[in-house]
Amino acid sequence: MSDPKPQFSVCSEALSLQKKSLLDAINSPVDLKRLAVEQLPQLAQEIRQQIIGTVSTTGGHLAPNLGVVELTIALHYVFDTPRDKIIWDVGHQAYTHKLLTGRKDVFHTLRQSGGLSGFPKRGESPYDAFDTGHSSTSISAALGMAVGKCLKKERRRVIAVIGDGSMTAGLAFEGLNNAGDLSKDLIVVLNDNEMSISPNVGALSSFLSRKLTKRAVVYARRQFENFLKMVPGIGDELMLWAKKSEESFKSFLTPGMLFEALKFNYLGPVQGHRFDHLIETFGNVKNLNGPVLVHVLTTKGKGYEPAECNPTCFHGLGCFDLETGEPKKTVSDIPTYTEVFGNTLIKLAREDHRIVAVSAAMPDGTGLVDFRLHYPDRFFDVGICEQHAVTFAAGLATEGFRPVVAIYSTFLQRAYDQVLHDVCIQNLPVIFALDRGGIVGEDGETHQGLFDLSYLRHLPNMILMAPKDEDELRHMLYTAVSHVGPIALRYPRGGGVGTPLSPVLKKIPLGQAEVLTEGDDLLILAVGASVYPALEAARGLEEQGFKATVVNARFIKPLDQAQILSLAARCGRVLTVEENVAAGGFGSAVLELLSDHGLHGIPVKRLGVGDLFVEHGSQKILRRKYGLDPQGILEGALNLLGHPNGKKNVIWGNFQNSEG
């Protein structure tokens, strides 16, 4: 009997065949260029093993990175980075780039607190040309760089690498349109890991693109164009005919007609795992002027069987077992907030046929996969188009539906104008389910959901709430779909607190807070994921001889004004706690309330995140660092009470002297 097939193709045995490690000798692209082309497949294999081994322990984006190993090597092999600039759209496919640019010795710190970012960061390396984390920004940024280099009269190339998913966003086409109009030297690499193209047609068109861009061919074509223009009387017509004939021929053999219409020179499709094709194509592209789009076909998850078979699950994931690809999870019966949201929405949709769900290319991440299976006609994935998603939902609302826009907190920022103009001004019943509100963790600055309370609460007609646990999330969602007007529900990433789920859903009166403990020494007003840590801090206060009233505010807007004012006057000191920036958030709303009602003598301390961007690291580490765990809340409370164990390691503001 033959040995069983290994679970993944890049295994330790693959690199133990008496071959000297190539990756060990590469500290920059200069070292890479010393390799022969025939050595590059071995390097690609070593890089895949390094990425798989590291991500299995740190978590991260696996399938996107495995799909661009050869493409990344080829780009650095041909172009002169960092003088030539590579901009990685989204940036979740830049692990090979990091390994080739002097960061392999610290690659094991990927996404860890104090370690390498999971995305490109200009502060981390001169090879990282642009900070990324959200999709579809690469072409616009690259065009700006290309124009800047032109103004400085620098002859350097700028390359934007964008995935086909990101090409669905309007921003990408705005960049393409402007690039075609400006006609500057710009290279856009379309990393296509989904488009199905006939092998014969793909091979022929790839061959034509490579051959038609050789320096000699380009020169000959220019000479021929000049000859046609010189023909007396009919030169212009001959030139127009020749150009249309070429475009028709290329459009017949390739899917590039759209890009040609945007005034890009379209090349491809090129096989993205063939070094000979990639290096020849990029070598030729360096000789072309104006905007060029190179269409590269890749396989997401390439080289690791579990990721190739299920690229969606291996797009972004936590730690996993190398041999099987199975995730390493702590056994828990507690569902995540995302799962509770998805299951509750299905239940509500069963009873209310007006409910529809809208996703911006994140049905898995937002818990809508089962909803899509149950109600395919009432589920809409609009692609990576947050602006369109919101206005699309507004249109549905005008027809009597109750659209639920499930979206990450950080991504709704991209549709701020649509929330304001298309939903709130018209007071339309659109429900915003904001997943990943608060501290998200290892994805870092671009993904922390720390601004939504501030950017939503000042919008007229908007109701804004956050549950203390997974059961309250269900009641809030039920409340939201019953509300006639804009309403946002914000909840954190990860598992719930283990609260039993009520069999019957109940509406929560808008603006009604919930008093959890009673005490006269201090009023603690907490919201969302901060409520249970605040309760734990209150128990710590009791050990120090203080009794606090802890309130689950539930609503950031409207506030429970009467109850907050009464309790603040009784306790004499107020501590607010929120996983949000302190500026303009929940604590600011409380300060405004006290000011508006003349309670000027009450000291108020706000616990939140200061005027900064929160870096990558685990939620536990970051909450401790920013004083938002039980110990940090306890220290902030003791400081407000004048206790010697209190610490000023948190954001705070004294209402009497306006410190902040």
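Note: hydrogens, waters and symmetry copies are ignored here, and every other heavy atom, side chains too, is used. Owing to the predicted nature of the structure, the values given are computational and were not obtained by experimental measurement.
- In this structure, OH in Y266 is found 5.0 Å from NE2 in H295, a value given to the nearest 0.5 Å.
- Y304 places a side-chain N or O within 3.5 Å of a backbone atom of L322 that can act as its donor or acceptor partner.
- Checking side-chain atoms of E308 against main-chain N and O of G303 turns up a donor-acceptor pair under 3.5 Å.
- The closest side-chain heavy-atom distance from I139 to M167 is below 4.5 Å.
- For the residue pair H92 and N65, no side-chain donor N or O sits within less than 3.5 Å of a side-chain acceptor on the partner.
- Note: L66 CG to Q93 CD = 12.5 Å, rounded to the nearest 0.5 Å.
- When R48, R274, K302 are each tested for a salt bridge (Lys or Arg N to Asp or Glu O under 4.0 Å) with E70, only one passes: R48.
- Counting only N and O atoms by type, the side chains of H616 and E442 include no donor and acceptor under 3.5 Å apart.
- With D435 as reference, T338 is the one residue of T338, T366, T410 to meet the side-chain hydrogen bond (donor to acceptor under 3.5 Å, both in side chains) rule.
- The distance between the ring centers of F371 and Y375 falls below 6.0 angstrom.
- Residues Q49 and I52 are not in side-chain contact: their nearest non-hydrogen atoms beyond the backbone lie 4.5 Å or more apart.
- The CG atom of L32 lies 11.0 Å from the OG1 atom of T101; values are rounded to the nearest 0.5 Å.
- D443 pairs with exactly one of R493, R111, R436 by the salt bridge (Lys or Arg N to Asp or Glu O under 4.0 Å) rule, that one being R111.
- Side-chain N/O atoms of D364 and H315 include no donor and acceptor closer than 3.5 Å.
- Checking side-chain atoms of T168 against main-chain N and O of G165 turns up a donor-acceptor pair under 3.5 Å.
- No side-chain heavy atom of D417 sits under 4.5 Å from any side-chain heavy atom of D422.
- P120 has its side chain out of reach of H97: every pair of non-hydrogen atoms, C-beta onward, lies at least 4.5 Å apart.
- Put simply, the side chain of S183 never gets that close to the backbone of G180: no donor and acceptor are under 3.5 Å apart.
- Between the K33 side chain and the H76 main chain, a donor and an acceptor come within less than 3.5 Å of each other.
- Between V106 and K98, the closest side-chain pair of non-hydrogen atoms is not below 4.5 Å.
- A donor atom on one side chain and an acceptor atom on the other are not found under 3.5 Å apart for T81 and R83.
- A donor-acceptor pair under 3.5 Å links the side-chain atoms of Q112 to the main chain of L110, judged by distance alone.
- Remark: the backbone N or O of V90 is paired with a side-chain donor or acceptor of T132 at under 3.5 angstrom.
- Within the 3.5 Å criterion, the main-chain N or O of E323 finds a donor-acceptor partner in the side chain of D321.
- For the 3.5 Å distance criterion, the side chains of S21 and E46 qualify, holding a donor opposite an acceptor.
- Using a cut-off of 4.0 Å between Lys/Arg side-chain N and Asp/Glu carboxylate O, D24 and K104 are scored as not salt-bridged.
- Here the side chains of S138 and F130 are not in contact, with every heavy-atom distance at 4.5 Å or above.
- Within the 3.5 Å criterion, the main-chain N or O of V440 finds a donor-acceptor partner in the side chain of Q448.
- Between Y408 and H134, the distance separating the two ring centers is not shorter than 6.0 angstrom.
- Smallest separation of non-hydrogen atoms from K184 and C150: NZ-SG, 3.7 Å.
- Within the 4.5 Å cutoff, no side-chain heavy atoms of V78 are placed close to those of L278.
- Judged by distance alone, with hydrogens and angles left aside, the side-chain atoms of S136 form a donor-acceptor pair with the main-chain N or O of S166 at under 3.5 Å.
- Separation of the H61 and Y95 ring centroids does not fall under the 6.0 Å cut-off.
- In this structure, D80 pairs ionically with R156, as a charged nitrogen and a carboxylate oxygen lie closer than 4.0 Å.
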